[in-house]
Amino acid sequence: MLAGMAQGKQVERQARETLRALGARPTAQRVTVLAELMGESNDLTAQELHQRLRRRGSRLGLATVYRTLGLLSGEGAIDALSHRPGEISYRWCGDHHHHHLVCSSCQNVVELGDCELTPWLDRVAADHGFVATAHRLDVAGLCADCRAA
Ligand SMILES: [Zn+2]
Ligand SMILES: [Zn+2]
Ligand SMILES: [Zn+2]
């Protein structure tokens, strides 16, 4: 119990520092939402996150959670994923450029390491007189567990 609380405080401190480093105001709402995502290795929808926070005794409303997630995503603190039909989910990731493998069955998310797409994208972009400055890519599929099931 005490250990859990101490850990919670530490995650909140990390959330505050992450927000400051991004130049975002570390409001209580942003810190609460970001800290919750930092403690979760998979992605969560606004509704799932809202339910968790409620179970912890938080009074943040669903609309506030939606808005806060949108802000955090816009500020680059979290990633927005669109692999769930009709729903955006959010995940806390490192700040390096990366891509995800997402399981369409159990929603498991795997973060990929080094991206090797840039040389290919530079080439195909140049074929169209284009200069590529950024790209986003998530790969949908079935994870090993779901393939075995
Ligand atoms: Zn990510
Ligand atoms: Zn799966
Ligand atoms: Zn990439």
Side-chain angles (χ1 to χ4, degrees), residues 1-118 120-121 124-125 132-149:
M1 178 73 192
L2 274 175
M5 280 177 66
Q7 203 181 11
K9 289 266 176 263
Q10 206 182 339
V11 177
E12 283 187 11
R13 194 181 319 127
Q14 193 190 353
R16 231 173 268 122
E17 281 165 11
T18 301
L19 289 168
R20 284 208 192 91
L22 289 166
R25 265 192 334 128
T27 60
Q29 281 135 348
R30 283 183 196 174
V31 169
T32 302
V33 168
L34 183 56
E36 190 64 32
L37 273 179
M38 281 176 159
E40 168 61 48
S41 63
N42 274 332
D43 56 316
L44 294 172
T45 64
Q47 287 201 349
E48 289 167 346
L49 193 82
H50 178 242
Q51 278 167 11
R52 283 188 185 218
L53 292 173
R54 279 194 80 98
R55 280 203 296 271
R56 288 188 199 275
S58 159
R59 297 212 186 156
L60 284 190
L62 181 58
T64 304
V65 172
Y66 266 108
R67 197 175 55 240
T68 306
L69 285 167
L71 287 171
L72 288 171
S73 159
E75 288 157 354
I78 56 176
D79 281 12
L81 300 175
S82 52
H83 62 106
R84 305 198 203 193
E87 267 186 313
I88 295 177
S89 58
Y90 298 89
R91 184 174 191 273
W92 179 70
C93 302
D95 52 7
H96 60 293
H97 172 81
H98 63 276
H99 301 283
H100 303 122
L101 298 176
V102 288
C103 179
S104 350
S105 180
C106 71
Q107 318 299 336
N108 186 30
V109 177
V110 175
E111 199 168 309
L112 297 176
D114 296 339
C115 167
E116 296 169 12
L117 296 175
T118 301
W120 172 70
L121 282 169
V124 295
T133 52
H135 66 267
R136 303 174 66 92
L137 174 79
D138 294 323
V139 181
L142 285 177
C143 73
D145 285 348
C146 291
R147 287 181 61 214

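Smallest separation of non-hydrogen atoms from Tyr90 and Ala80: CE2-CB, 3.9 Å. Closest approach of Leu142 and Ser105 over heavy atoms only: CD2-CB, 3.7 Å. Listed here is the closest heavy atom pair of Asp138 and His100: OD1-ND1, 3.0 Å. Across Ala24 and Glu75, no two heavy atoms sit closer than the pair CB-OE1, 3.4 Å. The heavy-atom pair separating Asn108 from Cys143 by the smallest distance is ND2-CB, 4.3 Å. Residue Ala77 comes nearest to Trp92 through the heavy atom pair O-CD1, 3.4 Å, listed as atom of the first residue, atom of the second, then distance.
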- Start with the C-alpha distance between Val102 and Val139, add both sets of side-chain angles, then the distance that settles side chain to side chain contact (heavy atoms under 4.5 Å, CB included), and finish with yes or no. CA-CA 6 Å; Val102 288; Val139 181; over 6 Å; no
- Message: Walk me through whether Leu72 and Val33 qualify under side chain to side chain contact (heavy atoms under 4.5 Å, CB included).
- Response: CA-CA 9 Å; Leu72 288 171; Val33 168; 3.7 Å; yes
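Glu48 contributes a side-chain N or O that, together with a main-chain N or O of Thr45, makes up a donor-acceptor pair within less than 3.5 Å. Judged by distance alone, the side chain of Asn42 and the main-chain N or O of Val109 form a donor-acceptor pair under 3.5 Å. The backbone N or O of Gln14 sits less than 3.5 Å from a side-chain atom of Thr18, completing a donor-acceptor pair. No donor-acceptor distance shorter than 3.5 angstrom exists from the side chain of Thr64 to the backbone of Leu60, with no hydrogens or angles considered.
Surrounding CG of Leu101 are more than 12 heavy atoms belonging to other residues, nucleotides or ligands, all under 6.0 Å away. A 6.0 Å sphere centred on CZ of Arg54 holds no more than 12 heavy atoms belonging to other residues, nucleotides or ligands.
Residues Asp114 and His98 have side chains that never bring a donor and an acceptor to within less than 3.5 angstrom of each other.
Of the residues Leu37, Asp43, Thr68, the one that meets the side chain to side chain contact (heavy atoms under 4.5 Å, CB included) test with Leu49 is Leu37.
To the nearest 0.5 Å, the span separating CZ on Arg30 from CZ on Arg25 amounts to 6.5 Å. The distance from atom CG of Leu81 to atom OG of Ser89, rounded to the nearest 0.5 Å, is 4.5 Å. Distance check, rounded to the nearest 0.5 Å: NE2 of His50 to CZ of Arg55 gives 11.5 Å. One finds the OG1 atom of Thr32 at 7.5 Å from the CD atom of Gln29 (value rounded to the nearest 0.5 Å). Ile78 CD1 to Met38 CE: the interatomic distance, rounded to the nearest 0.5 Å, is 10.0 Å. Taking CZ of Arg56 as the reference point, atom CD of Gln51 lies at 13.5 Å (rounded to 0.5 Å).
Salt bridge annotation for Arg13-Glu17: absent, with no cationic side-chain nitrogen under 4.0 angstrom from a carboxylate oxygen. Remark: Arg91 does not engage Glu40 in a salt bridge, criterion side-chain N to carboxylate O under 4.0 Å.
Using bins of under 30°, 30° to 60° and over 60° for the plane-to-plane angle, the ring pair His99/His135 lands in the parallel bin.
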